[in-house]
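Report on the following structure.
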Amino acid sequence: ISIDTLSQSIIKCLCKIKMNDPPPPPNPSKRELTLNERNAVLQALLLRSSPNFILQRGAVKRIADEFNVNRNTIGRIWKRGMASRMNGDLSMDVASRKKNAGRKKKTFENELRNFTTIPLNQGGSLRSAAFASGIPKTSLYRRLKSGEIRVHSSAVKPHLTEAHMESRVAFCISHIDVNHGRFQDMMDVVHIDEKWFYLCQNNRTCYLRDGEEEPHRTVKSKRFPTKVMFLCAVARPRHDTHRNQLFDGKLGIWPFITVEPAQRSSRNRPRGTLVTKALASVTNIEYRQFILEKVLPAIEEKWPRNHQRIRIQHDNAKPHIRNDDPQFQEAIRRSTFDIQLTSQPANSPDLNVLDLGFFNSIQSLQHQSAPRTVDELITIVQDSFQQLHHSTLNNTFLTLQTCMEECILHNGNNNYKIRHMSKQRLEREGRLPISIDCNPAVLQRVTRQDN
């Protein structure tokens with residue numbers, strides 16, 4: 001047999017022996033045992049000891065392997081337990097005697113005291129806030145987790161003058177039922193408003209697997225994105241006793257578009273094909289047309305017959321028609337309902353259920369799809385409008401009542417926080433109110449104003 005052949009045979013035998021060897025035991029950790037773990041170690045040692053408290057042979061090693069700690073740790077716990085028993089403590093206290101171990105934490109008391117003086121533009125991120133305050137970023141992060149500091153998103157709100165705030169308070173007070181001490185049920189109000197819906201978002205967050213290719217999205221122009229304006233009309237959901245069915249409150253959502261033939265041919269369609277285009281701007285002519293041809297017919301078709309008085313509420317945008325518009329007045333004379341057109345206070349999107357949250361609900365569903373054309377965008381927005389559950393609209397009306405209450409308490413200002421009611425839990429329990437009870441301070445102000 002040659003030397004090379006013999007060497008290869010020896011190497012193969014050593015490899016087989018190495019593969020058949022059991023894996024090495026894990027290294028015992030140096031972690032600090034909790035009080036429950038130390039008591040469990042003591043109970044395990046007592047089970048492996050004689051009535052005279054003499055441990056069995058190999059008991060310390062087996063328990064050390066079971067708890068993955070060093071044998072010296074098990075031995076110290078046993079000695080602590082025996083010493084405690086000798087001193088008359090039958091509970092055999094084996095709690096750790098380490099107190100205030102490790103280096104002392106830096107408190108940064110002076111820096112935290114001056115943290116509130118940091119300008120808003122210098123505290124936009126954890127790194128910039130750490131630089132401005134003089135506190136290390138890691139220490140600032142620990143304060144964030146402990147709750148000493150918190151993250152806040154500051155939203156820009158409309159500027160209000162004294163006249164604006166007075167009109168807001170008067171508008172909110174007009175929705176209070178003083179005799180019952182609560183807000184009106186708002187069953188006779190139709191909220192209408194416009195909103196732009198975009199074909200795609202500039203920034204989108206998505207979750208990818210490790211190694212998955214990142215999506216690449218392109219548009220022709222980021223400055224002029226494809227968008228369509230919609231007019232939406234909603235009311236409060238309720239049971240229609242006349243038709244014996246649920247009125248979901250969704251009167252309709254209509255796009256401001258034009259359909260005209262294409263001026264030239266392209267690879268997508270020949271010349272003369274009807275193409276849907278969004279209106280670049282809306283004037284009072286288009287707005288009046290939509291009110292007369294879309295909103296009023298939808299009210300006549302869907303509105304419950306047990307509520308004859310209807311108030312259509314809109315904002316004070318320039319393209320909107322006046323409340324005493326002659327053509328609108330002529331149209332409502334032919335209606336079977338008593339319809340009035342009212343305006344909400346200026347710079348008050350928080351007093352309209354659409355701007356308050358219902359538009360966001362529609363948009364969240366719309367963003368779950370990826371339209372490519374204007375026609376697809378219109379279809380997706382209208383489908384999202386119909387897919388929303390009527391409870392979402394009803395909850396938004398309750399949120400509007402809480403906003404009105406906070407508006408009165410803050411003298412018409414908009415620097416308040418919306419009160420949480422746990423509406424979904426109350427709805428599951430069957431305790432969701434139709435109208436919220438007014439704060440005693442609000443009722444006192446309303447009474448004082450009436451007097």
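Index from 1, following the sequence.
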Thinking salt bridges, do K417 and E406 make one under a 4.0 Å N-O criterion?
-> no

### Message
Any side-chain to backbone donor/acceptor pair from Q184 onto S174? Under 3.5 Å, distance only.
### Response
yes

- Hey, what's the ring geometry for H320 with Y287, parallel, tilted or perpendicular (30° and 60° as the breaks)? parallel

Do E260 and V275 have side chains that get closer than 4.5 Å, going by heavy atoms? no

Worksheet item: Counting only heavy atoms not in R264, do more than 12 fall under 6.0 Å of its CZ?
Response: no

Check: Is there a donor-acceptor pair under 3.5 Å between the side chain of E376 and the backbone N or O of R372?
Finding: yes

Are K157 and Y416 in a cation-pi contact, defined as NZ or CZ under 6.0 Å from the six-membered ring centre and within 45° of the axis?
yes

**Study point:** Donor-acceptor pair, side chain of E427 and main chain of S422, under 3.5 angstrom
**Key:** no

request  = Would you check if the distance from the ring center of F108 to the ring center of F115 is below 6.0 Å?
outcome  = no

Do D177 and R182 meet the salt-bridge criterion of a basic N to acidic O distance under 4.0 Å? no

- Message: Between T447 and Q444, is there a side-chain donor-acceptor contact under 3.5 Å, judged purely by atom types and distance?
- Response: no

Are there over 12 heavy-atom neighbours, none belonging to E212, within less than 6.0 Å of that residue's CD? yes

I'd like to know whether V282 forms a side chain to side chain contact (heavy atoms under 4.5 Å, CB included) with F290, so could you lay out the CA-CA distance, the side-chain angles of the two residues, the decisive distance to 0.1 Å, and finally the verdict. CA-CA 11 Å; V282 176; F290 269 59; over 6 Å; no

Could you check whether any side-chain N or O of R150 sits under 3.5 Å from a backbone N or O of L144, counting only pairs where one atom can act as donor and the other as acceptor?
no

Check this for me: E429, atom CD, are more than 12 non-hydrogen atoms of other residues, nucleotides or ligands nearer than 6.0 Å?
yes

Q.
Quick check against the 3.5 Å criterion: does Q401 have a side-chain atom that pairs as donor or acceptor with the backbone of L398?
A. no

CG of N413 to NE2 of H164, rounded to nearest 0.5 Å, is 12.5 Å

Please set out all donor-acceptor pairs under 3.5 angstrom arising from side-chain atoms of residues 32-41, sequence neighbours excluded.
{"from": "E32", "atom 1": "OE1", "to": "K98", "atom 2": "NZ", "distance (Å)": "3.2"}
{"from": "E32", "atom 1": "OE2", "to": "S96", "atom 2": "OG", "distance (Å)": "3.1"}
{"from": "T34", "atom 1": "OG1", "to": "E37", "atom 2": "N", "distance (Å)": "3.3"}
{"from": "E37", "atom 1": "OE1", "to": "R31", "atom 2": "NH1", "distance (Å)": "3.1"}
{"from": "E37", "atom 1": "OE1", "to": "T34", "atom 2": "N", "distance (Å)": "3.1"}
{"from": "E37", "atom 1": "OE2", "to": "R31", "atom 2": "NH1", "distance (Å)": "3.3"}
{"from": "R38", "atom 1": "NE", "to": "V94", "atom 2": "O", "distance (Å)": "2.6"}
{"from": "R38", "atom 1": "NH2", "to": "V94", "atom 2": "O", "distance (Å)": "3.3"}
{"from": "N39", "atom 1": "ND2", "to": "L35", "atom 2": "O", "distance (Å)": "3.2"}

For residues 169-198, the ring-ring contact (aromatic ring centres under 6.0 Å, His included) pairs (sequence neighbours left out) are F171-H175, H191-F397, F197-F230

Can you find a side-chain donor-acceptor pair between R445 and N411 that sits under 3.5 Å? yes

Using a strict 4.0 Å threshold on nitrogen-to-oxygen distance, state whether D350 and R168 make a salt bridge. yes

Give a yes or no on whether the backbone of H367 and the side-chain of R204 come within a donor-acceptor separation of less than 3.5 Å.
-> yes

Under 3.5 Å: donor-acceptor pair, side chain of K250, backbone of F385: yes

Test side-chain hydrogen bond (donor to acceptor under 3.5 Å, both in side chains), reference Q344, set D315, N316, D193, N352, output is N352

Does either side chain, that of R142 or that of S139, offer a donor lying less than 3.5 Å from an acceptor on the other one? yes

query: On the ring face of W303, is R236 found with NZ or CZ under 6.0 Å from the centre and within 45° of the axis?
result: no

Requested in this report: Assess the side chains of T399 and K423: does a donor N or O sit below 3.5 Å from an acceptor N or O?
Outcome: yes

Show your working on side chain to side chain contact (heavy atoms under 4.5 Å, CB included) between N244 and H239 and close with a plain yes or no.
CA-CA 7 Å; N244 194 21; H239 179 71; 3.5 Å; yes

- Query: So do the side chains of H307 and F337 get within less than 4.5 Å of each other, counting heavy atoms only?
  - Reply: no

Looking only at atom types and distance, does a side-chain atom of Q289 sit under 3.5 Å from a main-chain N or O of E286, one as donor and one as acceptor? no

* Asked: Is it true that atom CZ of R269 has more than 12 heavy atoms of other residues, nucleotides or ligands lying nearer than 6.0 Å?
  -> yes

Do S335 and E300 have side-chain atoms, one donor and one acceptor, less than 3.5 Å apart?
yes

Could you tell me if the side chain of F131 sits less than 4.5 Å from the side chain of S128, heavy atoms only? no

Scanning both residues in full, the closest heavy-atom pair of S384 with I362 reads CB-O, 3.8 Å

Sequence neighbours excluded, the answer for side-chain contact (heavy atoms from CB on, under 4.5 Å) partners of S361 is L388, T392

**Message:** Can a donor-acceptor pair be found, under 3.5 Å and without considering hydrogens, that links the side chain of K302 to the backbone of L251?
**Reply:** yes

Evaluate whether atom CZ of R333 has more than 12 neighbouring non-hydrogen atoms of other residues, nucleotides or ligands under 6.0 angstrom away. yes

* **Donor-acceptor under 3.5 Å (T117 side chain, N114 main chain)** => yes

* Asked: Charged N to carboxylate O under 4.0 angstrom, D325 versus R322?
  -> no

Original post:
Going by distance alone, is a donor N or O of one side chain under 3.5 Å from an acceptor N or O of the other, for D375 and T276?
Top reply: yes

